[in-house]
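Computed from a prediction, not measured in an experiment: that's the story for all the values here. One-based numbering, in listed order, for ligands and for the atoms of each. We count residues from 1, following the sequence as given.
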Amino acid sequence: MNPYTPPVRPDLAGEVPYGAPQLNVDVRLNVNENPFAPPESVVDAVTASVQRIMSEANRYPDRDFIDLRTDLAAYLSEESGVHLSAEQLWAANGSNEVMAHVMAAFGGPGRTALTFPPTYSMYPEYARESFTTLVNVPRRSDFTIDVPAAVTAITRDQPSIVLVASPNNPTGTAIGLADIAKLASVCLQNNAVLVVDEAYAEFRRSGVPSALELLSEYPNVIVTRTMSKAFAMAGVRLGYAAAHSSVIDALRIVRLPYHLSSVTQAVARAAIAHAGDLQADLETLREKRDALVVDLTARGLRVAPSDANFAFFGVFVDRQAIWQGLVDRGVLIRETGPEGWLRVSVGTPEENARFITALDEVLADLGQGALVVDE
Ligand SMILES: *Cc1c(COP(=O)(O)O)cnc(C)c1O
């Protein structure tokens with residue numbers, strides 16, 4: 001082909017598409033997927049509902065997907081004990097698209113979003129795509145949120161959106177409900193929505209509450225969830241949000257018409273109907289996550305407490321060398337977050353064992369100097 005330089009927006013100069021490397025190795029523990037594929041009974045049920053929907057595929061889907069929103073409300077009530085109506089639910093193609101709607105409705109040119117790094121690496125992209133200024137309030141060294149610093153920044157910078165991932169990615173850290181309530185209250189006084197990204201909520205340890213509990217008190221709270229992790233349906237692309245119905249009404253304005261295909265709606269509804277089967281391995285994954293944290297700690301590593309399906313560990317002098325050593329042994333993890341740290345998703349018991357064996361080999365190869373020594 002002849003060279004061609006299309007008239008791309010100047011602010012996109014030098015940008016590259018987002019995405020973790022998709023390498024073809026045996027053990028892939030790099031994108032926090034659920035390692036257990038949906039059981040055959042669920043595959044059959046989902047396929048049957050897609051078959052039914054296809055006989056009406058000449059028609060546009062239900063734009064407001066009321067049935068799906070009703071099912072999502074029922075699921076959340078079961079999962080968290082918080083009762084919501086369909087008008088308080090929203091869904092899109094992955095929680096990434098839900099966030100795009102939030103940014104489009106509440107961000108925009110001249111507006112500011114505020115977040116707490118190290119956190120989800122998509123947040124700067126959401127801000128860029130919606131022409132929203134992004135302000136960062138760094139987390140403390142234990143990856144918790146510095147609430148007084150957050151209050152100061154919210155008051156000073158007047159964001160219209162404050163974004164907090166809890167459990168956080170890549171650190172696994174869950175933020176206590178009192179801290180989230182404090183943020184919600186300061187946001188409300190300063191006319192901001194508070195988005196609590198709970199992509200990993202179902203993996204939280206027992207006793208760790210969901211921010212869904214704050215919805216009745218704080219009309220500015222938006223809790224986002226996804227079927228990509230605990231539901232073992234990353235390939236389906238279904239994310240959703242719970243919020244005040246006025247917030248949902250604002251999201252409805254900015255969505256593309258018919259953004260959620262009838263196939264996606266049918267698959268998601270069938271999946272919710274079989275949530276128990278899809279999440280049958282949840283308890284195992286939580287136990288294996290705790291075991292992984294113990295195994296890594298036993299190797300003299302620093303490991304962040306995790307309420308997600310991954311562990312964040314370090315601190316390595318040369319994390320790239322560790323990452324590459326693992327890839328050479330057929331294990332792919334994620335090089336992300338602060339310098340010296342790595343993230344590994346919880347896999348099947350066999351995958352976790354292969355990871356630990358490979359890590360031991362890499363650490364033995366590199367010797368004593370592999371770890372940053374604490375002062
Ligand atoms: C994985 C993840 C999501 C999920 O995104 P989807 O678009 O629903 O797949 C959202 N937020 C965080 C912090 C994540 O790690």
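Residues W341 and A304 approach most closely at CZ3-N, 4.2 Å, considering heavy atoms.
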Ignoring hydrogens and angles, write down the donor-acceptor pairs under 3.5 Å from the side chains of residues 234-246, residues two or more places apart or on other chains.
residue : atom : partner : partner atom : Å
R237    : NH1  : S228    : OG           : 3.4
H244    : ND1  : S246    : N            : 3.0
H244    : ND1  : S246    : OG           : 3.0

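With sequence neighbours left out, the ring-ring contact (aromatic ring centres under 6.0 Å, His included) criterion links Y60 to Y258. Taking H101 as the reference, W90 meet the side chain to side chain donor-acceptor pair (under 3.5 Å) condition, with sequence neighbours excluded.
Judged purely by atom type and a 3.5 angstrom limit, S95 has no side-chain atom pairing as donor or acceptor with the backbone of V98.
A donor-acceptor contact under 3.5 angstrom links the side chains of N169 and R343, judged on distance only.
At a heavy-atom cutoff of 4.0 Å, ligand 1 is surrounded by G94, S95, N96, Y120, N169, D197, A199, Y200, T226, S228, K229, R237.
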